[in-house]
Protein chains: 2
Amino acid sequence: MTKKSKRAETEKTDMLDEEAFSSICKALAHPARIRIVSFLKKMNQCICGEIVETLPLAQSTVSQHLKVLKNSGLIKGEIEGPRTCYCIDYDMLEKFKKMANKI
Amino acid sequence: MTKKSKRAETEKTDMLDEEAFSSICKALAHPARIRIVSFLKKMNQCICGEIVETLPLAQSTVSQHLKVLKNSGLIKGEIEGPRTCYCIDYDMLEKFKKMANKI
DNA sequence: ATCTTTAATCGTTTATCTACGATAAACGAT
DNA sequence: ATCGTTTATCGTAGATAAACGATTAAAGAT
């Protein structure tokens, strides 16, 4: 490895990827989505309907929020017949925390 | 202190305030604002014009981003004659990190 | 008093977000 | 094959965000 590429490596690990970090922040930039993440953490995993019950929002709205969280990579959703079972993606959550601590 | 209020206290410290956390996330939900915060951290403090120079954005746009960050409490701005000197509010930044680690 | 510099605000356009009801899709059960 | 349940998507309305140029405000310099 050249000196230059080594420094580039170091910079890469030290540096915060603004796009990556801001995009996760954006996914968390709504109280309902924070509540969803907290609830999923507490429940370990659960289906959409259970999440809908805990929020004062229409099912379609909750589904949209879940989509935003899923697109950010913070949660995963697995289709099980007519239901979808959601859970936290802890890898991504840890990545977020690491980036948050770097800022 | 009653048992109940003690538990309320504990819950309060353990619990994440969704509104507070999501509102800071919202302030950080744009790459330009992440870059501003990073730059301010590196520079310790600097005037608006220096920040404008580092970004590919119009002065008015940068000013708007600074306003968002200031409203979130993450940065402070002090007027010094015709200039404004900005710096990080480390209390708020630490608060954010604490909240991020709780999620 | 006028000029210059610096930063905030205004006004506008375009894009994105939030919320909802309605509808569609998927699938198990009957 | 039809029904009921569950969730995603569509369509829409209103609100908020992002970007810019133009203008205003503040204050030091001439």
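Note on naming: letters A, B, ... go to the chains in the order of the sequence lines (proteins, then strands), and numbering restarts at 1 for each one.
- In this entry the distance linking CD1 of B:I47 with C1' of D:dA27 reads 14 Å, nearest Å.
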Test log, rule side-chain contact (heavy atoms from CB on, under 4.5 Å), inputs B:L66 and B:V62: CA-CA 6 Å; B:L66 286 167; B:V62 174; 4.0 Å; yes
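- Proximity of A:S63 to the phosphate of D:dT9: no side-chain N or O atom is located under 4.0 Å from OP1 or OP2.
- At whole-Å resolution of the value, CG in A:L69 and P in D:dT7 are 16 Å apart.
- The base-pairing partner of D:dC10, taking Watson-Crick or G-U wobble contacts with both distances under 3.5 Å, is C:dG21.
- Between B:I79 and B:G81, the closest heavy-atom pair is CG2-O, 3.4 Å.
- Side chain of A:R83 to backbone of A:C46: no donor-acceptor contact under 3.5 angstrom is found.
- The distance between atom CZ of B:R35 and atom P of D:dA18, rounded to the nearest whole Å, is 16 Å.
- One finds a side-chain N or O of B:R33 lying less than 4.0 angstrom from the OP1 or OP2 phosphate oxygen of D:dA18.
- Considering only the side chain of B:K67, C:dT9 comes nearest among D:dG28, D:dT16, C:dT9.
- Of all nucleotides present, only D:dC3 satisfies the Watson-Crick or G-U wobble test against C:dG28, with each distance under 3.5 Å.
- Across the strands present, D:dA26 finds its partner in C:dT5; the criterion is a Watson-Crick or G-U wobble pair with both atom distances under 3.5 angstrom.
- Remark: the B:Q64 side chain and the D:dA17 base include no donor-acceptor N/O pair separated by less than 3.5 Å.
- Taking atom CD of residue A:E78 and atom C1' of nucleotide C:dC27, one finds them 16 Å apart after rounding to whole Å.
- Contact annotation: B:H65 does not reach the phosphate of D:dA17 (side-chain N/O to OP1 or OP2, under 4.0 Å).
- A:K70 comes within 4.0 angstrom of nothing in the nucleic acid, heavy atoms only.
- The shortest side-chain heavy-atom distance between B:L74 and B:L28 falls under the 4.5 Å cut-off.
- Atom CD in B:E50 sits about 17 Å away from atom P in C:dT5, given to the nearest Å.
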Check against side-chain contact (heavy atoms from CB on, under 4.5 Å), A:L57 and A:H65: CA-CA 10 Å; A:L57 295 169; A:H65 283 306; 4.1 Å; yes
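- Interface residues of residues 51-62 of chain B facing DNA chain D, ordered by number: B:L57, B:A58, B:S60, B:T61; criterion, heavy-atom separation under 4.0 Å.
- Remark: the backbone N or O of B:T54 is paired with a side-chain donor or acceptor of B:R35 at under 3.5 angstrom.
- A close approach under 4.0 Å does not occur between any side-chain nitrogen or oxygen of A:K26 and OP1 or OP2 of C:dT16.
- Across all strands shown, B:I79 has no heavy atoms under 4.0 Å from either base or sugar-phosphate atoms.
- Between the C1' atom of C:dC17 and the CG atom of A:L28 lies a distance of 16 Å, rounded to the nearest Å.
- For B:Y86, the listed nucleotide lying nearest its side chain is C:dA7; candidates were C:dA7, D:dG28, D:dA8.
- Following rounding to the nearest Å, B:H30 (NE2) and C:dC17 (C1') show an atom-to-atom distance of 14 Å.
- The CD1 atom of A:I36 sits 11 Å away from the P atom of C:dT18 (whole-angstrom rounding).
- Relative ring orientation between B:F96 and A:F96 is described as perpendicular, the plane-to-plane angle rising above 60° on a 0-90° scale split at 30° and 60°.
- Between B:L66 and A:V68, the residue whose closest nucleotide on DNA chain C is further toward the 5' end is B:L66.
- Under a 3.5 Å cut-off, the side chain of B:S63 and the backbone N or O of B:S60 do not form any donor-acceptor pair.
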